[in-house]
Amino acid sequence: MNMNRCSLLAVLLALTACGGGSGSGSKSSSSSVVSSMVSSSAASMASLSSAVSSIPSSAAMSSVSSSAITSSISSASSSSTPVVIELAENGGFEISEAGSTAPANWSLATNGGTAAIQVISAANQPSNVHTGDRALEVAINTIGANPWSIETTHTGLNNGGIPVVGGSIYAYKAWVKGPAGAQANFTVGTPAPAYAERARSNVTLSGEWQEVSIEVTTSPDDTLLRLPVHFSLAANVGATIYVDDFSFTKVESITYEYSPVTVESLRSLSPGNMPIGVAVAAGNSAISPLTNIPRQTVVTQHFSQLTAENIMKPSFLQPTQGQFSFGDADALIDFAEANGLKVHGHTLLWHNQIPTWMQNFSGTKDQWLDVLRTHVSTVASHFAARQSVVSWDVVNEAFEDAGGRYRGSAANTGSSVWYTNIGPEFIEEAFKAAHAAAPNADLYYNDFSTEWNRPKLDAVVAMVEDFQARNIPIDGVGFQMHVWGNANVATIREHLKLVADIRPAIKVKITELDVRLNYVDPPLSANAYTPARADQHKALIKGIVEAYLEVVPPEQRGGITVWGVADVDSWINSLYGRPDWSLFFFNDMSPKPALQGFADALSGN
Ligand code: 9MR
């Protein structure tokens, strides 16, 4: 629930351990039930960890000085993880049925006023639901005798109150929408019998969704709170008001002790100076190592090669037909050369991240070949002038997963303007044009899933062998290696070997290494990168690097590149909208045990 609103700041995950049995809004709990629940909750906030999520690390990161980073990167073994604990279950009404007048964890009262209060669904009233599928509708007819006549109250876990610790600070947020001039009074108070108020915000409505945000400091003896909203105000007669996305949170800190990380510099451990690469943002990105000092420190300390994660793709380099835009890429190459780093170009051709004009280009096969050759030649020759650009992904992802057919070659094989308009020979045309323009660069075919998908790998190998038989220039195959935490190292080793054994021998490169750990349903919460999981990550990285070194002879090693610096940078977070830990650095840039796993494999430990 509420994923859109919270994804950057705090992914609030719904409590799952609370049970769904509290369908009634009545305060039926006996005092002994309440007190046992309170003592267990208060004793261990962490036991509510299914509602835990991480605080934005990018914000925290900017406040970390580069000297603090430098001193922490060689041996951090613990990580203090700030977590937000959500205490208002069903604050978005998501676990209640549309039409319900007794949503779980809520008490709805009219007390002498007249009102119709019910859960509504986005399917019927999209603009009256703030996020998710549900909200609460309060249609007020007469307001009754006192200010609390018409009242909706979040009554906490199983309607027993929200457990709190005395003398602490909590963040209360909610969203409300109603006609301009109507009013809703959000309060925080203790349960019966005292009903003592702790905080309040009287909100005059505007006609649009408005956020209510209240910082609540509990009194020393407080153990339980409720969140009543009062609607019995003269301005509300005849009004319909919507409320949604209630949240009552406390920030806690969990500290894990991870296995030690002692590696000073990954690159210095590389056998035979095999490239150890990292994909980086550039241009005006806040996480570009050109301007982001913590990332710059890590990149230059541990890596010997860069791949532009995005800015050397066609959409960036030729945004308008015939007009090439090399500024950001040139600045990245300048940075690489100033720091003694090599660059692996990514990517001359792809079906994805191509400019709109190219996607929509209409022309004959020859005209499409012109478009292809112009792009590949112009880009490859521009960078051939730079000594640091040693290799290229010439064609990316031309095969699809099922059966290893060409992408776009049949229904359900995805789409590729290149395949559709030119046919399979677009691949060799790209390699020929790249070789003519950059004769000294190693030219790779790059794809994903090839570390486990045998039919797809077989198709790639067959293509390479066909190219070799017909003297089409190709120097290597890139395994992207976007693996899951349960990847099978034996299969990875076998697949790397199949390419290493091609004769004449070609290079083998791991081009986009990362590990997706949060692939389970329901998803893991943000504090689930436990020491055990970090060691699982470390063991997998060690296994992959060892397998590579074992089956790829030194002269065929194109190197190993990891697809990003800190976890928060990774495409995996943005794609799946759930926390993950796929890279080698925590968001405060301290190293993870996985980095040590890489180092141990490189140094044969
Ligand atoms: O990491 C890249 C991400 O920032 C982009 O939004 C995305 C666009 O599709 O591309 C990501 O990088 C991809 C790479 O270029 C090719 N292999 C798969 C990578 C992850 O999607």
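As a basis for the values below, the full set of heavy atoms in this structure was taken, side chains included, without hydrogen atoms, waters or symmetry mates. Order of listing sets the numbers, starting from 1, for every ligand and every atom in it.
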Would Arg516 count as a cation-pi partner of Tyr576, with NZ or CZ less than 6.0 Å from the six-membered ring centre and within 45° of the ring normal? yes
Starting from atom 10 (O) of ligand 1, which protein heavy atom do you reach first, and at what distance in Å? Lys313 NZ, 3.2 Å
Give me the residue, atom name and distance of the protein heavy atom closest to atom 1 (O) of ligand 1. Glu309 OE2, 2.4 Å
Which word best sums up how the rings of Phe324 and Phe326 line up, parallel for under 30°, tilted for 30 to 60°, or perpendicular for over 60°? parallel
Does any part of the side chain of Ile541, heavy atoms only, come nearer than 4.5 Å to the side chain of Leu513, both counted from C-beta? yes
Closer than 3.5 angstrom, by distance alone: can the side chain of Lys456 be matched with the main-chain N or O of Gly404 as a donor-acceptor pair? no
According to the interplanar angle, ranging from 0 to 90°, do the rings of Tyr258 and Tyr529 count as parallel (below 30°), tilted (30 to 60°) or perpendicular (above 60°)? tilted
Atom 7 (C) of ligand 1 - nearest protein heavy atom and its distance: Gln353 OE1, 3.9 Å
Residue part near ligand 1, for Asn310, under 4.0 Å between non-hydrogen atoms: side chain
Should you measure from each heavy atom of Glu397, which atoms of ligand 1 turn up under 4.0 Å away? 16 (C), 17 (N), 18 (C)
Please list, in number order, the atoms of ligand 1 under 4.0 Å from a heavy atom of Asn396. 16 (C)
Aromatic ring pairing Tyr444/His344, orientation class (parallel under 30°, perpendicular over 60°, tilted between): perpendicular
Does ligand 1 have a heavy atom under 4.0 Å from the side chain of Leu575, from its backbone, from both, or from neither? neither
